[in-house]
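For this chain, numbers begin at 1 and follow the sequence in order. Quick caveat: nothing in here was measured; it's all calculated off a predicted structure. All values below were derived from every heavy atom in this structure, side-chain atoms included, with hydrogens, water molecules and symmetry-related copies excluded.
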Amino acid sequence: MLPRVEYSVTVAVPVDAAFQAFLNLERLLHRGIYDEALWVEGVPWQVGSRLRYVISQPVRTIVSGVVTAISPPRAISLLNHALGITTEQHVSFGPDLKGGTRVRMTMDLVGTSSELSDNAVLAAVTFVTRDALDTMAALCQRRPSSATG
């Protein structure tokens with residue numbers, strides 16, 4: 001059985017802003033990692049909606065995902081399928097005690113890939129998990145301040 005992948009970041013923006021940054025799939029594109037990240041069925045970010053990610057790095061694959069739960073601006077859950085593996089993805093957003101927002105993602109993996117070893121699958125899932133939150137954090141840093149003056 002494959003293990004759980006966990007990763008978290010803290011961003012210096014309110015929970016609502018961090019949540020909105022995560023919803024922005026454009027943040028994943030144009031960096032040589034994702035060739036495509038798009039909705040293929042349903043209303044984006046609604047339960048039952050489906051999306052497709054075409055990933056070129058670290059492993060070339062197509063990920064099919066479906067939103068299984070969403071509770072704005074606190075949590076999102078998806079089921080993802082690729083390489084013979086099913087991944088249950090949970091993302092939670094909450095205030096950090098030091099200010100800003102703590103965003104945590106867990107990926108529970110089930111299945112066996114006929115294309116990659118368990119170690120290679122784990123490395124790829126760890127990479128995309130970190131990339132998903134790191135790109136969200138970078139987007140939060142680029143947001144203009146709401147302060148005036």
Side-chain angles (χ1 to χ4, degrees), residues 2-94 96 100-111 113-146:
L2 291 166
R4 168 182 273 201
V5 173
E6 298 180 54
Y7 186 60
S8 63
V9 297
T10 301
V11 293
V13 298
V15 171
D16 288 341
F19 189 83
Q20 289 303 313
F22 184 84
L23 298 184
N24 182 350
L25 295 179
E26 186 70 22
R27 77 185 195 286
L28 301 172
L29 302 174
H30 315 295
R31 300 173 307 111
I33 296 170
Y34 290 84
D35 293 336
E36 190 175 276
L38 60 87
W39 293 96
V40 294
E41 185 177 314
V43 176
W45 298 113
Q46 298 297 311
V47 172
S49 293
R50 297 181 178 277
L51 64 158
R52 180 178 63 221
Y53 303 99
V54 177
I55 300 175
S56 58
Q57 296 293 326
V59 174
R60 189 154 213 29
T61 191
I62 297 174
V63 178
S64 298
V66 61
V67 177
T68 58
I70 186 163
S71 181
R74 296 296 185 172
I76 301 170
S77 297
L78 300 104
L79 276 180
N80 299 302
H81 304 279
L83 302 168
I85 304 295
T86 298
T87 305
E88 189 172 0
Q89 175 183 358
H90 298 285
V91 188
S92 62
F93 303 78
D96 187 69
T101 302
R102 177 113 172 147
V103 184
R104 181 174 183 258
M105 184 184 296
T106 61
M107 302 280 258
D108 292 305
L109 290 73
V110 177
S113 176
S114 61
E115 301 170 50
L116 299 174
S117 69
D118 285 354
N119 285 341
V121 168
L122 181 59
V125 171
T126 299
F127 178 88
V128 296
T129 298
R130 289 177 176 266
D131 185 67
L133 292 190
D134 290 347
T135 56
M136 184 233 32
L139 185 58
C140 288
Q141 290 175 351
R142 288 193 304 264
R143 286 183 180 263
S145 171
S146 60

Check: [Y] and [X] side chains under 4.5 Å, non-hydrogen atoms:
{"X": "Arg31", "Y": "Leu29", "answer": "no"}
{"X": "Arg104", "Y": "Glu6", "answer": "yes"}
{"X": "Val59", "Y": "Glu115", "answer": "no"}
{"X": "Leu78", "Y": "Val66", "answer": "no"}

Nearest 0.5 Å, please: how far is [atom2] in [Y] from [atom1] in [X]?
{"X": "Glu41", "Y": "Ser64", "atom1": "CD", "atom2": "OG", "answer": "11.0 Å"}
{"X": "Arg52", "Y": "Leu25", "atom1": "CZ", "atom2": "CG", "answer": "12.5 Å"}
{"X": "Asp131", "Y": "Leu28", "atom1": "CG", "atom2": "CG", "answer": "6.5 Å"}
{"X": "Glu26", "Y": "Leu139", "atom1": "CD", "atom2": "CG", "answer": "10.0 Å"}
{"X": "Ile55", "Y": "Tyr34", "atom1": "CD1", "atom2": "OH", "answer": "4.5 Å"}
{"X": "Ser49", "Y": "Trp39", "atom1": "OG", "atom2": "CH2", "answer": "5.5 Å"}

Do [X] and [Y] get their side chains close enough for a donor-acceptor pair, meaning under 3.5 Å?
{"X": "Ser77", "Y": "His90", "value": "yes"}
{"X": "Asp35", "Y": "Tyr53", "value": "no"}
{"X": "Arg102", "Y": "Ser8", "value": "yes"}
{"X": "Arg27", "Y": "Thr135", "value": "yes"}

Show the nearest heavy-atom pair for residues [X] and [Y], with the distance to one decimal.
{"X": "Ser113", "Y": "Val121", "value": "CB-CG2, 3.8 Å"}
{"X": "Cys140", "Y": "Val13", "value": "SG-CG2, 3.6 Å"}
{"X": "Val5", "Y": "Thr129", "value": "CG1-OG1, 3.9 Å"}
{"X": "Val9", "Y": "Ala137", "value": "CG2-CB, 4.4 Å"}
{"X": "Arg74", "Y": "Val15", "value": "NH1-CG2, 4.0 Å"}
{"X": "Pro58", "Y": "Ala124", "value": "CG-CA, 3.8 Å"}

Exercise. Would Met107 and Glu88 count as a side chain to side chain contact (heavy atoms under 4.5 Å, CB included) if you check the C-alpha gap in whole Å, the side-chain angles of each, and the deciding distance to 0.1 Å?
Worked result: CA-CA 6 Å; Met107 302 280 258; Glu88 189 172 0; over 6 Å; no
Under a 3.5 Å distance rule, please check whether [X] uses its side chain to pair with a backbone N or O of [Y] as donor and acceptor.
{"X": "Ser117", "Y": "Ala120", "answer": "yes"}
{"X": "Thr87", "Y": "Leu109", "answer": "no"}
{"X": "Thr61", "Y": "Ala82", "answer": "no"}
{"X": "Thr10", "Y": "Asp96", "answer": "no"}

For this session: Identify, with sequence neighbours excluded, every residue that meets ring pair (Phe, Tyr, Trp, His ring centres under 6.0 Å) alongside Phe19.
Result: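 For Phe19, the residues satisfying ring pair (Phe, Tyr, Trp, His ring centres under 6.0 Å) (neighbours in sequence not counted) are Phe93.
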Problem set entry | Derivation of the side chain to side chain contact (heavy atoms under 4.5 Å, CB included) call for Leu51 and Leu38 | CA-CA 6 Å; Leu51 64 158; Leu38 60 87; over 6 Å; no
Exercise. Going through the checks in order, is the side chain to side chain contact (heavy atoms under 4.5 Å, CB included) test met by Leu79 and Thr86?
Worked result: CA-CA 7 Å; Leu79 276 180; Thr86 298; 4.1 Å; yes
Exercise. Please walk me through it: do Val11 and Met136 pass side chain to side chain contact (heavy atoms under 4.5 Å, CB included)?
Worked result: CA-CA 9 Å; Val11 293; Met136 184 233 32; 4.0 Å; yes
